[in-house]
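Input: a single structure, listed below in structure tokens.
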Amino acid sequence: MDDVVRIKPFRSEPAQKPTREEAEAAVRTLIAWAGDDPEREGLVDTPRRVVKAYQEFYSGYGENPNTELARVFTEAEGYADMVLVRDIPFFSHCEHHMAPFSGKAHVGYFPRDGVVGLSKLARIVDMFSRRLQTQEALTAQIAGAIEDGLRSRGVAVMIEAEHSCMSMRGVKKHGASTVTTQFTGVFRDPNERQRFLTLVSGAK
Ligand SMILES: [Zn+2]
């Protein structure tokens with residue numbers, strides 16, 4: 001088989017990041033594909049705006065959860081019960097259609113060595129939601145990052161979201177929400193899991 005020409009796998013190296021000009025040209029192509037004229041007055045600056053918006057939508061790439069979770073407040077030592085931050089709003093984009101989905105994340109954990117600033121949990125949610133995602137992967141990634149970063153005794157993550165790729169296209173079911181959960185450590189105990197779910201629903 002030595003004479004087989006080996007084609008370098010497409011993903012063998014990190015892809016070269018396109019330039020801003022290349023990204024804007026791609027947006028112009030999509031506008032034309034949609035059936036409009038990318039040169040008309042109302043659209044001429046749209047590629048520039050879309051690329052700028054992408055920088056915000058996808059700012060989670062390259063961010064490291066461990067940076068956010070590095071500072072643990074040990075003065076809260078002695079507090080050993082669940083910490084729950086509920087109703088963290090987020091927006092993301094589905095990796096299948098690049099269509100937005102948004103909703104609320106509820107994040108709970110059991111401290112081991114101390115607690116983190118509560119805003120850090122929201123930052124973790126942002127970091128992973130500002131990437132191309134599935135709701136399932138997003139849920140697991142948030143739980144995994146908090147479990148690794150905090151070495152907590154258990155993490156619970158619940159996400160409720162509405163997907164525009166379901167409400168605007170395909171089956172067109174407006175108002176349907178998708179719920180995903182991930183439980184680690186102590187939360188595998190059905191009693192702790194139930195406490196988490198009760199505390200989350202207590203907000204409503
Ligand atoms: Zn989708």
Side-chain angles (χ1 to χ4, degrees), residues 11 15 17-18 23-24 26-31 33-36 43 46-69 84-109 118-149 155-184 187 193 196-204:
R11 290 177 179 278
K17 190 167 177 170
E24 290 182 9
V27 177
R28 277 193 292 278
T29 300
L30 288 174
I31 290 170
W33 168 253
D36 214 321
L43 287 173
T46 297
R48 182 180 55 77
R49 285 188 292 257
V50 170
V51 168
K52 195 164 178 231
Y54 265 41
Q55 287 183 317
E56 189 177 345
F57 294 164
Y58 302 115
S59 60
Y61 290 108
E63 292 188 334
N64 184 347
N66 292 325
T67 314
E68 292 297 328
L69 298 173
L84 169 66
V85 181
R86 64 190 172 199
D87 296 325
I88 302 168
F90 74 91
F91 67 84
S92 190
H93 288 80
C94 84
E95 67 184 26
H96 303 126
H97 306 94
M98 299 180 78
F101 69 97
S102 61
K104 288 173 176 176
H106 316 287
V107 177
Y109 73 97
L118 299 177
S119 65
K120 304 292 184 184
L121 300 178
R123 284 282 302 125
I124 298 295
V125 172
D126 281 347
M127 186 176 301
F128 288 108
S129 57
R130 291 178 186 181
R131 300 178 186 189
L132 290 168
Q133 280 291 8
T134 65
Q135 185 175 330
E136 296 87 341
L138 176 61
T139 309
Q141 287 165 5
I142 293 167
I146 295 169
E147 183 170 47
D148 294 347
V155 179
V157 177
M158 178 174 175
I159 293 181
E160 304 170 76
E162 188 173 340
H163 292 250
S164 60
C165 67
M166 209 176 142
S167 52
M168 292 173 62
R169 55 159 296 287
V171 292
K172 297 193 178 64
K173 294 298 178 209
H174 189 72
S177 69
T178 303
V179 179
T180 46
T181 56
Q182 178 100 344
F183 299 102
T184 76
F187 285 104
R193 188 178 303 197
F196 170 80
L197 295 172
T198 302
L199 287 167
V200 165
S201 60
K204 289 151 200 164

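Since the model is a prediction, treat every value here as computed from it, not as a measurement.
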Please list, chain by chain and in numerical order, all residues satisfying ring pair (Phe, Tyr, Trp, His ring centres under 6.0 Å) with F128, sequence neighbours excluded.
-> none

If only atom types and distance count, is the side chain of S164 paired as donor or acceptor with the main-chain N or O of P100 below 3.5 Å?
-> yes

On a heavy-atom basis, the closest approach of K104 and F90 is N-CE2, 3.5 Å

Judged by atom type as modelled, is there a donor-acceptor pair below 3.5 Å linking the side chain of R28 to the main-chain atoms of P47?
-> no

Considering all heavy atoms, the nearest S129-L138 contact | N-CD1, 3.5 Å

To the nearest 0.5 Å, tell me how far M127 CE sits from T67 OG1.
-> 6.5 Å

Just how far is it from atom CD1 of I88 to atom NE2 of H106, taken to the nearest 0.5 Å?
-> 9.0 Å

Roughly how far, to the nearest 0.5 Å, is CZ of F196 from CZ of R86?
-> 10.5 Å

How many angstroms lie between CG in L43 and CD1 in I31, if you round to the nearest 0.5 Å?
-> 5.0 Å

Shortest non-hydrogen contact from N66 to G149?
-> OD1-CA, 3.8 Å

Any donor-acceptor pair under 3.5 Å from R130 side chain to S59 backbone | no

Shortest non-hydrogen separation from L69 to A145 and the atoms involved | CD1-O, 3.5 Å

Start with the C-alpha gap between V157 and F187, add the side-chain angles, then the distance that decides, and say whether side chain to side chain contact (heavy atoms under 4.5 Å, CB included) holds.
-> CA-CA 10 Å; V157 177; F187 285 104; over 6 Å; no

To the nearest 0.5 Å, what is the distance between CD1 (I146) and CG (L121)?
-> 5.0 Å

Test item: E63 and R123 side chains (from C-beta on) under 4.5 Å apart, heavy atoms = yes

Any side-chain donor-acceptor pair under 3.5 Å between Q133 and S92?
-> no

Taking C-beta and beyond as the side chain, do F57 and M98 meet within less than 4.5 Å on heavy atoms?
-> no

Does the side chain to side chain contact (heavy atoms under 4.5 Å, CB included) test come out yes or no for T178 and F101, once each step is laid out?
-> CA-CA 10 Å; T178 303; F101 69 97; over 6 Å; no

Can you check whether T180 reaches M158 side chain to side chain, under 4.5 Å on heavy atoms?
-> no

Test log, rule side chain to side chain contact (heavy atoms under 4.5 Å, CB included), inputs H96 and T134 | CA-CA 8 Å; H96 303 126; T134 65; 3.9 Å; yes

Distance-minimising heavy-atom pair for V179 and E160 | CG2-CG, 4.1 Å

Start with the C-alpha distance between H93 and Y58, add both sets of side-chain angles, then the distance that settles ring pair (Phe, Tyr, Trp, His ring centres under 6.0 Å), and finish with yes or no.
-> CA-CA 9 Å; H93 288 80; Y58 302 115; 5.2 Å; yes

Tell me, do V155 and Q182 make a side-chain contact under 4.5 Å, heavy atoms counted?
-> no

Output the distance between atom NZ (K52) and atom CD (E56), rounded to the nearest 0.5 Å.
-> 9.0 Å

Taking the side chain as C-beta and beyond, is there a heavy-atom pair between I142 and I159 under 4.5 Å?
-> yes

Any Lys/Arg nitrogen of E68 or K120 sitting under 4.0 Å from an Asp/Glu carboxylate oxygen of the other?
-> yes

